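Values below: every heavy atom of this structure, side chains too, minus hydrogens, waters and symmetry copies. The structure displayed is predicted, hence computed values, not measured ones. In what follows, chains are A, B, ... by sequence order, proteins preceding strands, each numbered from 1.
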2 protein chains.
Amino acid sequence: MKLLEKMLSASSDFSEYFATAFSVDNIIFGFDEADLKILLIRRGLERQTPIYQHMWALPGDLVHPTEDLDTAAYRVLEELTGVKNVYLEQVKAFGAVKRHPVGRVITILYFSLVKISRYEVMPNSFADEAQWHTIGSIRQLALAFDHNDIVETGFNALKQRVRVAPIGFELLPPKFTLTELQQLYEAILERTLEKRNFRKKILSMDFIVDLNESQEGVAHRPARLYEFNQAKYEKLVANGFNFEI
Amino acid sequence: MKLLEKMLSASSDFSEYFATAFSVDNIIFGFDEADLKILLIRRGLERQTPIYQHMWALPGDLVHPTEDLDTAAYRVLEELTGVKNVYLEQVKAFGAVKRHPVGRVITILYFSLVKISRYEVMPNSFADEAQWHTIGSIRQLALAFDHNDIVETGFNALKQRVRVAPIGFELLPPKFTLTELQQLYEAILERTLEKRNFRKKILSMDFIVDLNESQEGVAHRPARLYEFNQAKYEKLVANGFNFEI
DNA sequence: GCAAAAGTGTTTACAGTACACCCATGG
DNA sequence: CCATGGGTGTACTGTAAACACTTTTGC
C-alpha cells in the first residue's frame with residue numbers, strides 16, 4: 001500500500017501521517033587540554049516543556065518547513081556557539097516510536113567539529129545553560145531522551161570517520177604541534193599511540209606542513225608548529241591516495 | 001528558539017511543522033550471475049500520484065505513525081519481495097526541501113541484502129512492476145525524484161561496509177564457492193581481485209568453512225562448497241579480530 | 001643543573017602483491 | 001582429447017610495530 005501516494009493524491013484523511021515532527025540533534029565536538037569534549041545544554045527552565053527538567057541534552061531543534069536538514073543542523077550549531085564555517089556531517093536518523101514522551105519525533109543526528117579556542121558559548125541565545133563535557137563524564141550521566149544512545153552512536157561515527165578522512169584538524173587551531181595532534185587522535189580513538197610511529201605516519205602523508213615556527217612561553221623545549229594543507233591533501237586524493245590512521 | 005518545545009507546550013499554531021511527511025526508501029541488493037543488482041519498481045499507473053510516471057524508482061513508503069523506522073523499511077522489503085530475515089541497515093536521511101515535487105517529504109534510506117535465488121517478486125502486492133537492474137544500467141537511467149543520487153550514496157555505503165563487516169554472505173546462497181564469493185566482492189568493489197590472494201585472505205579469516213562438498217552438473221572441475229559460520233566470526237570479533245578485505 | 005616535553009632511527013615481523021601452471025570434470 | 005573453470009606456492013616489497021635515548025628550553 002503506497003501510503004505516500006494515496007495521501008498526496010486521494011481525498012482520504014491522512015492527517016495522522018503528519019502527526020509526526022522531526023528535528024535535528026547535533027553532537028558538537030571540541031578538543032581542549034588533551035580532552036575530547038561534547039557541548040551539552042541543560043534542559044530548563046522557563047522556555048521548555050517540563051520534561052527531563054534540569055537534565056543535560058544534546059542541542060537540537062525542529063527543522064523548519066522550508067529548511068534543508070543540513071541547514072537546520074548548522075543553524076542549531078550557530079545559534080549555540082556563534083561559530084561559522086564548521087565541519088558538519090550527518091550520522092543517521094533515530095525514529096523509535098516512543099523516543100520522545102510527548103509525541104512522535106524523529107530526529108536526524110549530526111556531528112560537528114569546532115575549534116574550541118575560537119568559540120564562546122552564548123547561553124542566553126538558545127539554552128539556559130551550555131557546557132562542555134568529556135565523553136567519560138557523559139557516560140556517567142543520564143541524559144534526556146535517548147541521548148545517551150545517540151551520543152555513543154555519534155562518537156562511534158567520529159571514530160570511524162577519523163580513520164579514513166583527515167577531519168581531525170577541524171578540532172585543532174590552525175597551527176598545532178604534533179603532540180597536540182597525537183593527543184587528539186588518542187582521545188578520539190580512546191587508545192594510546194606510539195609517538196615515533198605516529199609522527200612517521202602523519203608526516204609521510206605529506207599534507208601537514210612544517211611552518212618553521214615554534215611554541216613560545218612553554219617551560220620546556222618548544223615544539224614545532226604545523227598546519228594542515230587542504231590543497232595538498234586534495235591533490236593526493238585526486239591521485240588515488242587513501243588516508244588511514 | 002526551541003521550536004519543538006514551544007510547539008509541544010504552548011498553544012500557538014505549529015501545524016506548519018507537521019506539514020512534512022517522511023518515508024523510507026530501500027535499496028534492495030541482490031547478486032545473480034556475477035552481477036550485483038538493485039530492485040526497482042516502475043512508477044505507475046493506477047495507484048500513484050501522476051508524477052514521474054513510468055519511471056523507475058526505489059521501493060519506499062510512508063512510515064506509519066506507530067511504526068519504528070527499521071520496521072517500516074522491513075515492511076517495504078517484505079511486501080515487495082516476500083522474504084524475511086534479511087540484512088537491513090540504515091544509511092542516512094535525505095531531506096532537501098524540494099526533493100519531492102508535491103510536498104516536503106524527508107526520506108530515510110536503507111539498504112538490504114537478499115539472497116536472490118530465494119526470492120520471487122510479487123508485482124501485484126505493491127508495485128505495478130518490479131525488476132532487478134544492474135548498477136551499470138541504473139547509471140544510464142533517469143530515476144524518479146532524487147533516486148539517482150540516493151542510489152549512489154547507498155551503493156557507496158555498501159562498498160564501505162563490506163570492507164569492515166562480513167555482510168557479503170547475505171547476498172549468497174548458504175553454500176557457495178570461493179569463485180562466487182570473489183565475483184561478489186568484485187561486483188561490489190567495482191574492481192578485479194587476484195584469485196590466489198583473495199582465497200588466501202578469505203580462508204585466513206577462518207570463519208568460512210569447507211563443507212567437503214562439491215558442485216554438481218558443471219562442465220568443468222567442480223568447485224568446493226563453503227559456508228559462512230556466524231559463531232566462528234563472533235568468537236573472532238570478541239577476541240579483537242578486525243575484518244578487512 | 002634539573003625538570004619537562006620534543007624529537008629522532010633501526011630492527012623485526014607480517015601482510016599485501018605479483019605472478020603461472022597443473023588439476024578435475026563433462027562432453 | 002579438448003574446453004572450462006578450479007585450485008595452488010613462492011618470492012618480493014612495503015608497511016606496522018616495538019623500542020630508548022638525546023635535545024632544547026625555562027626556571
Side-chain angles (χ1 to χ4, degrees), chain A residues 31-35 162-164 166 172-173 175-187 189 191-227 236 239-245, chain B residues 31-35 162-164 166 172-173 175-187 189 191-227 236 239-245:
Chain A
F31 182 68
D32 188 33
E33 293 169 16
D35 279 321
V162 91
R163 299 184 74 91
V164 294
L172 292 175
K175 300 178 181 186
F176 52 84
T177 70
L178 292 182
T179 299
E180 288 167 346
L181 186 61
Q182 181 178 342
Q183 288 171 336
L184 170 63
Y185 275 96
E186 290 179 337
L189 300 175
R191 65 189 187 90
T192 58
L193 299 167
E194 207 279 327
K195 184 164 65 165
R196 282 167 289 193
N197 295 336
F198 179 80
R199 285 168 183 242
K200 256 179 295 179
K201 197 158 183 174
I202 286 289
L203 292 176
S204 75
M205 288 175 183
D206 200 42
F207 49 72
I208 78 162
V209 301
D210 187 342
L211 292 169
N212 286 311
E213 294 175 49
S214 294
Q215 282 182 311
E216 283 174 23
V218 289
H220 53 77
R221 175 173 176 177
R224 301 179 80 82
L225 295 173
Y226 293 81
E227 71 177 0
L236 284 169
N239 296 332
F241 177 80
N242 186 23
F243 178 91
E244 291 269 345
I245 289 279
Chain B
F31 182 67
D32 187 32
E33 294 167 15
D35 279 321
V162 90
R163 297 184 75 91
V164 295
L172 292 175
K175 300 178 180 186
F176 52 85
T177 70
L178 292 183
T179 299
E180 287 167 345
L181 186 61
Q182 182 178 340
Q183 287 170 337
L184 170 63
Y185 275 95
E186 289 180 337
L189 299 174
R191 65 189 188 90
T192 58
L193 300 168
E194 209 278 327
K195 184 164 64 166
R196 282 165 291 192
N197 296 336
F198 179 79
R199 285 167 183 242
K200 254 181 295 181
K201 196 158 184 175
I202 286 289
L203 292 176
S204 77
M205 288 176 183
D206 200 42
F207 50 71
I208 78 161
V209 301
D210 186 342
L211 293 169
N212 285 309
E213 294 176 50
S214 294
Q215 283 181 312
E216 284 174 23
V218 289
H220 54 76
R221 175 172 174 177
R224 301 180 78 83
L225 295 173
Y226 293 81
E227 69 176 2
L236 284 168
N239 296 333
F241 176 80
N242 185 21
F243 178 93
E244 291 269 345
I245 287 281

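Rounding to the nearest 0.5 Å gives a distance of 8.0 Å between CD of B:Q215 and OG1 of B:T179.
Closest heavy-atom contact between A:L178 and A:F198: O-CE2, 3.9 Å. Closest heavy-atom contact between A:M205 and A:L236: O-CD1, 3.1 Å.
One interatomic measurement links the two molecules: CD1 of A:I202 to P of C:dA6, which rounds to 15 Å at whole-angstrom precision. Separating the CZ atom of A:F198 from the P atom of C:dG9 is a distance of 18 Å, rounded to the nearest angstrom. For the pair A:L193 CG and D:dA16 C1', the computed distance is 13 Å after rounding to whole Å. Atom-to-atom, CZ of B:R191 to P of C:dG16 comes out at 12 Å; the value is rounded to the nearest Å. When rounded to the nearest whole Å, the span between CG of A:L203 and C1' of C:dG9 equals 14 Å. Remark: P of D:dA16 and CG of A:N242 are 11 Å apart, rounded to the nearest angstrom. We find that CE of B:M205 is positioned 11 Å from P of C:dA15, with the value rounded to whole Å.
Sorted by residue number, the members of residues 209-218 of chain A with any non-hydrogen atom under 4.0 Å from DNA chain D read A:V218.
Looking at heavy-atom distances under 4.0 Å, B:R199 makes contact with a base. Within 4.0 Å (heavy atoms only), B:S204 reaches no atom of the nucleic acid at all.
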Polar pairs (N or O, both sides) under 3.5 Å between protein and nucleotides 21-23 of chain C?
{"residue": "C:dC23", "atom": "O2", "partner": "B:R221", "partner atom": "NH1", "Å": "3.3"}

Write down the protein N/O and nucleotide N/O pairs, taken from nucleotides 9-15 of chain D, whose separation is under 3.5 Å; answer none if there are no such pairs.
{"residue": "D:dT10", "atom": "O4", "partner": "B:K200", "partner atom": "NZ", "Å": "2.7"}

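Take the nearest nucleotide of DNA chain D for B:L225 and for B:A219: the residue whose nucleotide is more 5' is B:A219. Positionally, the nearest nucleotide of DNA chain D for B:H220 lies more toward the 5' end than for the other of B:H220 and B:L178.
Between D:dG6 and B:T179, a contact under 4.0 Å exists linking OP1 or OP2 to a side-chain N or O.
Counting heavy atoms from C-beta outward, A:I202 and A:Q182 have side chains that stay 4.5 Å or more apart. Residues A:D210 and A:L203 are not in side-chain contact: their nearest non-hydrogen atoms beyond the backbone lie 4.5 Å or more apart. No side-chain heavy atom of A:T177 sits under 4.5 Å from any side-chain heavy atom of A:R224.
Not a single side-chain contact (heavy atoms from CB on, under 4.5 Å) links B:R221 to another residue, sequence neighbours left out. A search for ring-ring contact (aromatic ring centres under 6.0 Å, His included) contacts involving B:F176 returns B:F169, not counting sequence neighbours. Checked against ring-ring contact (aromatic ring centres under 6.0 Å, His included), A:F241 has no partners two or more places apart in sequence or in another chain.
Taking a 6.0 Å sphere around CD of A:E33, one finds it holds 12 or fewer heavy atoms contributed by other residues, nucleotides or ligands.
When the options B:E180, B:E216, B:E213, B:E227 are evaluated for a salt bridge (charged side-chain N to carboxylate O under 4.0 Å, His left out) with B:K175, the one that passes is B:E213.
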Do B:I245 and B:V162 pass the side-chain contact (heavy atoms from CB on, under 4.5 Å) test, and can you show the C-alpha distance, the side-chain angles, and the key distance before you say yes or no? CA-CA 8 Å; B:I245 287 281; B:V162 90; 6.0 Å; no
